[in-house]
Amino acid sequence: MILTIHRGAHQIGGSCIELRANSGERILLDLGMPLTQPNGSDWPRGTMTRPSQELRAGGVLPDVDGLYDDSKPEFSAVVLSHAHLDHHGLAHHIHPDVPVYGSRGTIEMLKASSLFIPGIAIPADMRELPFDAAVAIGSFAVRGIPVDHAAPDSRALLIEADGQRILYSGDLRAHGHQRHLFDSLPEMAGPIDVLILEGTTVGQAQEAHGFPNESDVERRLSDLLKSNKGLVVVIASGQNIDRAISVYHAALKSGRELVIDPYQAYILMKLKDICHEAPQFDWPSVRVKFIKSHVRKLKDAGLWGLACQMSRAGKVMSEQLASGASEFVYLARSSRATVALLRFLTKTARPTVVWSLWRGYLKKDSPVSRFCYEHGIEPVLIHSGGHAHPEDLAGLVNRLRPKAVVPIHTEAASQFADIMSNVRVLRDGEAVEITSL
Ligand SMILES: [Zn+2]
């Protein structure tokens with residue numbers, strides 16, 4: 001079997017891995033959008049949905065023959081590890097005859113993103129990876145093993161072919177609400193020949209990734225909600241279900257109600273069978289703040305009845321958030337709609353803004369960060385990152401004992417060897433026979 005990392009061997013995001021069996025059959029693991037342009041600036045709006053040929057010529061799509069709709073498809077499948085754009089954002093460019101596999105949570109997140117977020121397209125033929133059972137794709141057997149990460153229902157991917165067993169970690173951590181999945185991964189995976197391991201935090205300062213774990217986030221939020229007398233607005237990713245759970249728990253501990261927008265309410269509803277702790281809009285102490293554009297999208301998708309259910313279960317108006325500020329915590333996006341609400345609220349009192357995302361995003365020109373800067377509001381940073389600390393990665397490798405560790409999703413591949421053994425650093429596009437690693 002031949003392994004090629006088309007992109008991601010030396011960068012965080014844009015991951016794309018190919019495995020070619022001795023039979024010539026090929027599969028791809030992830031097809032992500034790079035986080036930034038090569039010069040570090042943001043991508044122009046709408047880049048992901050530009051024509052495939054244009055993106056391939058411009059180096060945005062990896063230069064892989066037989067994958068896209070301009071030629072006869074040579075791939076048996078694309079398998080996605082999780083629903084973050086830097087892992088799936090370009091998957092809709094593959095030939096429509098190539099099926100795309102992902103966990104149920106991943107597929108639900110992709111569908112929700114395409115429903116609510118402009119500029120996101122999803123693959124034509126999406127198929128569900130069974131819960132921890134192998135699926136046969138030609139001569140490959142592929143299993144998605146649940147892992148703890150900031151996207152719901154994330155998987156590490158175990159691939160068997162030609163008598164070799166390869167584990168691709170996807171993105172994972174040992175410090176979220178599902179940290180037990182990190183502990184059980186070696187047992188679930190069994191013996192491994194090659195580990196393709198994410199290393200986002202390798203070579204980076206711990207502070208860059210916020211508090212050490214999600215329990216710290218919950219505790220800090222709870223302390224802040226108890227001591228604060230005004231409205232607290234928490235800015236987080238709508239797909240970070242652990243964070244929604246943490247904010248809900250903190251709200252309950254402080255006697256406040258959790259307020260979410262229809263997009264967040266929809267995502268949490270779609271995941272309720274996968275994650276029983278995910279707060280639902282019809283639970284006690286959960287309210288929904290309607291946002292016109294979200295409601296319009298629900299209506300366009302034929303979900304007007306759902307919008308009505310959300311309204312009946314506990315719609316809350318901007319005026320109530322202003323007059324009863326100390327009774328609520330609003331979990332929101334860094335969007336124009338949130339800024340409009342913040343503008344309304346600041347007429348009576350200054351809300352506290354909690355930045356519950358990677359701190360690097362605060363420096364970027366997002367609507368809420370700009371609003372805070374213009375109004376002299378210093379956001380409170382309460383976050384814990386989605387990626388395992390280097391010592392956790394080293395501990396995982398110690399337990400998995402692969403014959404080779406191949407770094408991916410990292411800017412410090414050369415530093416892996418300082419914390420683990422049998423490291424084999426590849427270059428993007430370098431094809432290697434698995435048995436030679
Ligand atoms: Zn991720």
Side-chain angles (χ1 to χ4, degrees), residues 5 7-17 28-36 43 48 78-91 100-110 112-113 117 120 122-123 129 144-157 167-179 181-182 185 195-202 204 208-210 213-214 217 236-246 267 271 274-275 333 356-361 364 383-390 392-393 396 407-412:
I5 297 179
R7 184 165 57 206
H10 297 275
Q11 72 185 69
I12 295 167
S15 300
C16 176
I17 304 163
L28 201 76
L29 312 180
D30 286 345
L31 183 51
M33 182 70 184
L35 293 176
T36 61
W43 294 102
M48 284 188 293
V78 174
V79 189
L80 302 176
S81 61
H82 65 287
H84 280 157
L85 281 173
D86 61 330
H87 292 258
H88 78 80
L90 296 169
V100 175
Y101 287 85
S103 71
R104 188 153 141 235
T106 295
I107 291 175
E108 291 292 0
M109 284 306 92
L110 262 61
S113 298
I117 304 172
I120 295 205
I122 57 175
L129 268 181
I145 304 175
V147 292
D148 182 17
H149 183 47
D153 208 10
S154 296
R155 304 294 174 98
L157 301 173
L167 184 67
Y168 165 45
S169 67
D171 285 353
L172 80 187
R173 63 177 171 183
H175 57 268
H177 286 318
Q178 291 189 293
R179 64 183 70 100
L181 295 176
F182 190 88
L185 181 56
L195 173 65
I196 305 170
L197 181 63
E198 77 118 318
T200 314
T201 64
V202 177
Q204 294 191 352
H209 298 274
N213 62 58
E214 193 65 28
V217 168
S237 158
Q239 296 200 4
N240 190 339
I241 305 308
D242 270 15
R243 192 59 40 83
I245 293 169
S246 295
I267 284 181
L271 295 170
I274 300 169
C275 180
R333 321 275 80 77
S356 203
L357 292 162
W358 178 55
R359 68 164 64 197
Y361 292 139
K364 299 205 175 205
H383 180 57
S384 184
H387 303 276
H389 309 303
D392 291 328
L393 293 174
L396 180 67
I408 193 168
H409 208 272
T410 180
E411 289 175 346

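Owing to the predicted nature of the structure, the values given are computational and were not obtained by experimental measurement. As the structure lists them, so they are numbered: ligands from 1, and atoms in each ligand from 1.
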*asked:* Please determine whether Asp86 has a backbone or side-chain N, O or S atom lying under 2.8 Å from the Zn ion (ligand 1).
replied: no
_When you measure from the Zn ion (ligand 1) to the N, O or S atoms of His87, does any of those distances fall below 2.8 Å?_
no
_Any N, O or S atom of His84 closer than 2.8 Å to the Zn ion (ligand 1)_ = yes
*Will you find, in the side chains of Arg243 and His383, an N or O donor that is under 3.5 Å from an N or O acceptor?*
yes
*asked:* Assess, by modelled atom type and distance only, whether the side chains of His209 and Gln204 contain a donor and an acceptor separated by less than 3.5 Å.
replied: yes
*Is the closest side-chain donor-acceptor distance between Asn213 and His175 under 3.5 Å?*
no
_Centroid-centroid distance, His88 to His82, less than 6.0 Å_ = no
*Atom name in Asp171, limited to N/O/S, at shortest distance from the Zn ion (ligand 1)*: OD2
